[in-house]
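Note that the structure is a prediction, hence the values are computed from the model and not measured.
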Amino acid sequence: MTLYIGREASKLWKRICAEITTEINLLLDNWKYLLAGLIFQYIHGLAARGVHYLHRPGPTLQDLGFLLLPELGQDKAYISETVFSCVFLSFFLWTFHPFIFKSKKIYTVLIWCRVLAFLVASQILRIITFYSTQLPGPNYHCREGSKLARLPKPDSVLEVLLINFPRGVIYGCGDLIFSSHMIFTLVFVLTYQKYGTRRCIKQFAWLVAIIQSLLIVASRKHYTVDVVVAWYTVNLVVFFIDKKLPELPDRTSGNSPLLLPLSTKDRESKTKEENHKLLNGNSVDPADWRPRTQVNGKILEDTNGIHVDTAMNGA
């Protein structure tokens with residue numbers, strides 16, 4: 001038993017090391033996209049903090065979801081956040097499963113490049129939307145009488161740039177249409193829908209997304225329109241951007257090293273090699289590497305295995 005555990009542990013360690021090498025090579029080629037996506041997450045948070053300075057509390061707007069769904073109350077507002085945290089954590093861990101499991105379909109770096117592209121596009125639309133019209137926030141800390149409903153003018157630029165993290169993010173107001181929680185949830189679910197392998201998990205993920213939508217409205221963190229707009233906007237964004245992005249290499253065929261995208265150095269070396277072959281008179285395609293003989297200024301190809309001298313004698 002001890003020998004078996006040791007052997008399996010050794011295999012796992014080798015698999016992790018091999019995956020780390022692969023992902024580092026991908027990271028060297030794609031770090032700019034990942035960094036840009038992460039920086040935009042801060043910009044999105046900064047924009048949400050900025051709109052809080054413009055927020056003016058007022059009577060809660062009439063909402064169909066508020067009429068149909070019972071209010072959870074402040075003491076149960078954590079439920080929707082707990083569900084969202086579970087969705088975020090489970091998706092994050094799933095993107096790193098190639099480091100451990102033998103059966104794998106994705107590359108961690110490439111999947112996060114794709115996810116961040118979906119998030120950034122959706123968040124740009126969200127920023128434009130909630131700055132266009134500021135609605136009175138339905139959340140408890142955004143209502144009239146709450147000290148957090150309106151922010152005083154900042155004393156310095158640094159105060160705005162620091163966005164009072166994490167309190168400023170948790171107790172934000174004014175960034176309503178459309179729900180940021182639903183952006184993340186739907187992007188994660190749609191990504192797993194395409195690249196995940198377990199059908200039951202896919203179905204469960206969509207169920208969780210619906211439950212998350214209902215909990216957000218029941219917690220009075222968003223109006224129903226914020227959730228509804230998120231559902232069709234994020235789906236459309238993912239649909240169109242996914243068509244523009246290059247498809248991820250499929251690792252299920254067992255030839256994953258051959259399907260890896262070439263790094264910049266590899267592409268340059270391959271181009272030089274092909275040019276060198278062309279200058280020497282060799283074809284780039286290995287299938288065309290056939291014996292050639294020059295007779296009377298003409299190049300004859302020995303395609304049928306017949307000697308040239310035999311052909312000459314028979315002429």
Student: Spell out, as yes or no, whether a donor-acceptor pair under 3.5 Å connects the side chain of T82 to the backbone of Y78.
Tutor: yes
Student: Establish, yes or no, whether a centroid distance under 6.0 Å links the rings of Y195 and W94.
Tutor: no
Student: Does the pair R49/D175 count as a salt bridge with the N-to-O cut at 4.0 Å?
Tutor: no
Student: A side-chain contact here means heavy atoms from C-beta on lying under 4.5 Å apart; do L125 and F178 qualify?
Tutor: yes
Student: Would you tell me whether T224 and D63 have side-chain atoms, one donor and one acceptor, within less than 3.5 Å of each other?
Tutor: yes
Student: State which residues pass ring-ring contact (aromatic ring centres under 6.0 Å, His included) with Y131; sequence neighbours excluded, sorted by chain then number.
Tutor: none
Student: Of all heavy-atom pairs between I177 and V229, which one has the smallest distance, and what is that distance?
Tutor: CG2-CG1, 4.4 Å
Student: Within a strict 4.5 Å, meaning less than it, do heavy atoms of the I128 and I124 side chains meet?
Tutor: yes
Student: Quick one: does T21's side chain have a donor or acceptor within less than 3.5 Å of a partner on C17's backbone?
Tutor: yes
Student: Membership question, hydrophobic clusters at under 4.5 Å side-chain separation (ILVMFWY): are L248 and I24 in the same one?
Tutor: yes
Student: Donor-acceptor check, side chain of K105 to backbone of T197, threshold 3.5 angstrom: yes or no?
Tutor: no
Student: Would you confirm whether Y53, through its side chain, and R150, through its main-chain N or O, come within 3.5 Å as a donor-acceptor pair?
Tutor: no
Student: Walk me through whether N25 and D29 qualify under side-chain contact (heavy atoms from CB on, under 4.5 Å).
Tutor: CA-CA 7 Å; N25 290 331; D29 264 3; over 6 Å; no
Student: Might you confirm whether atom CZ of R56 has over 12 heavy atoms from other residues, nucleotides or ligands at distances under 6.0 Å?
Tutor: yes
Student: Looking at side-chain heavy atoms only, is the closest gap between P57 and P136 below 4.5 Å?
Tutor: no
Student: Do L68 and I210 belong together in a cluster built from hydrophobic side chains that touch within less than 4.5 Å?
Tutor: no
Student: Between H44 and S180, does the side-chain contact (heavy atoms from CB on, under 4.5 Å) criterion hold? Intermediate values first, please.
Tutor: CA-CA 10 Å; H44 175 253; S180 179; 3.6 Å; yes
Student: Given 3.5 Å as the limit, does a donor-acceptor pair link the side chain of K221 with the main chain of I216, or not?
Tutor: no
Student: How long is the span from the CZ atom in F40 to the CD1 atom in I43, to the nearest 0.5 Å?
Tutor: 6.0 Å
Student: Establish, from distance only, whether the side-chain atoms of Y140 and E71 form a donor-acceptor pair under 3.5 Å.
Tutor: yes
Student: Could you report the tightest heavy-atom contact between H52 and L148, atom names first, then the distance?
Tutor: NE2-O, 2.9 Å
Student: At what distance, to the nearest 0.5 angstrom, does NZ of K32 lie from CG of N30?
Tutor: 10.5 Å
Student: Do you know the tightest heavy-atom contact between H141 and C173?
Tutor: CD2-SG, 3.5 Å
Student: Using modelled atom types and a 3.5 Å cut-off, is there a donor and acceptor pairing between side-chain atoms of R126 and backbone atoms of A230?
Tutor: no
Student: Check whether NZ of the Lys or CZ of the Arg R220 lies under 6.0 Å from the centre of the six-membered ring of F66 and within 45 degrees of that ring's axis.
Tutor: yes
Student: Quick check on the hydrophobic clustering: are V227 and L67 connected, directly or via other members, by side-chain heavy-atom contacts under 4.5 Å?
Tutor: no
Student: Heavy atoms, side chains only, cut-off 4.5 Å: are H55 and Q134 in contact?
Tutor: no
Student: With side chains defined as the heavy atoms from C-beta onward, is the minimum distance between L161 and Y42 less than 4.5 Å?
Tutor: yes
Student: I'd like to know whether the aromatic ring centres of F188 and Y192 sit less than 6.0 Å apart in this structure.
Tutor: no
Student: Contact between L110 and P249 at the side-chain level, heavy atoms closer than 4.5 Å - yes or no?
Tutor: yes
Student: Are I127 and I39 in one and the same hydrophobic cluster, where Ile, Leu, Val, Met, Phe, Trp and Tyr link if side-chain heavy atoms are under 4.5 Å apart?
Tutor: yes
Student: Hey, does the side chain of S122 reach the backbone of V234 with a donor-acceptor pair shorter than 3.5 angstrom?
Tutor: no
Student: Answer with yes or no whether the hydrophobic clustering places I106 together with L26; edges join I, L, V, M, F, W, Y residues whose side-chain heavy atoms lie under 4.5 Å apart.
Tutor: yes
Student: Is there a side-chain contact (heavy atoms from CB on, under 4.5 Å) between R15 and F99 once you walk through the steps?
Tutor: CA-CA 7 Å; R15 189 154 56 242; F99 287 86; over 6 Å; no
Student: May I have the step-by-step check of side-chain contact (heavy atoms from CB on, under 4.5 Å) for T185 and V83, ending in yes or no?
Tutor: CA-CA 10 Å; T185 300; V83 173; over 6 Å; no
Student: Considering all heavy atoms of both residues, which atom of V120 and which atom of G37 are nearest to each other, and what is their separation?
Tutor: CG2-CA, 4.1 Å
Student: Check whether any side-chain heavy atom of P98 lies under 4.5 Å from a side-chain heavy atom of T108, and answer yes or no.
Tutor: yes
Student: Linking Ile, Leu, Val, Met, Phe, Trp and Tyr through side-chain heavy atoms less than 4.5 Å apart, which residues share a cluster with L38?
Tutor: none
Student: Counting N and O atoms only, with roles assigned by atom type, does the side chain of D226 sit under 3.5 Å from a partner on the main chain of H222, one being a donor and the other an acceptor?
Tutor: no
Student: Where is the tightest heavy-atom contact between A117 and I241, given as atom of each residue plus distance?
Tutor: O-CD1, 4.1 Å
Student: Out of Y33, F118, F91, which one pairs with W112 under the ring-ring contact (aromatic ring centres under 6.0 Å, His included) rule?
Tutor: F91
Student: So K102 and K11, do their side chains get closer than 4.5 Å, heavy atoms only?
Tutor: no
Student: Would you give the length of the straight line joining atom CZ of F184 to atom CG of L119, rounded to the nearest 0.5 angstrom?
Tutor: 5.0 Å
Student: On a heavy-atom basis, which atom in R143 and which in A149 lie closest, and how many Å separate them?
Tutor: O-CB, 3.5 Å
Student: Taking only residues two or more places apart in sequence or in another chain, which ones pass salt bridge (Lys or Arg N to Asp or Glu O under 4.0 Å) with K194?
Tutor: D242, E247
Student: Does CZ in F204 sit with more than 12 non-hydrogen atoms of other residues, nucleotides or ligands closer than 6.0 Å?
Tutor: no
Student: Is it the case that atom CZ in F101 sees more than 12 heavy atoms from other parts of the structure closer than 6.0 Å?
Tutor: no
Student: Would one find more than 12 heavy atoms of other residues, nucleotides or ligands at under 6.0 Å from atom CH2 of W31?
Tutor: no
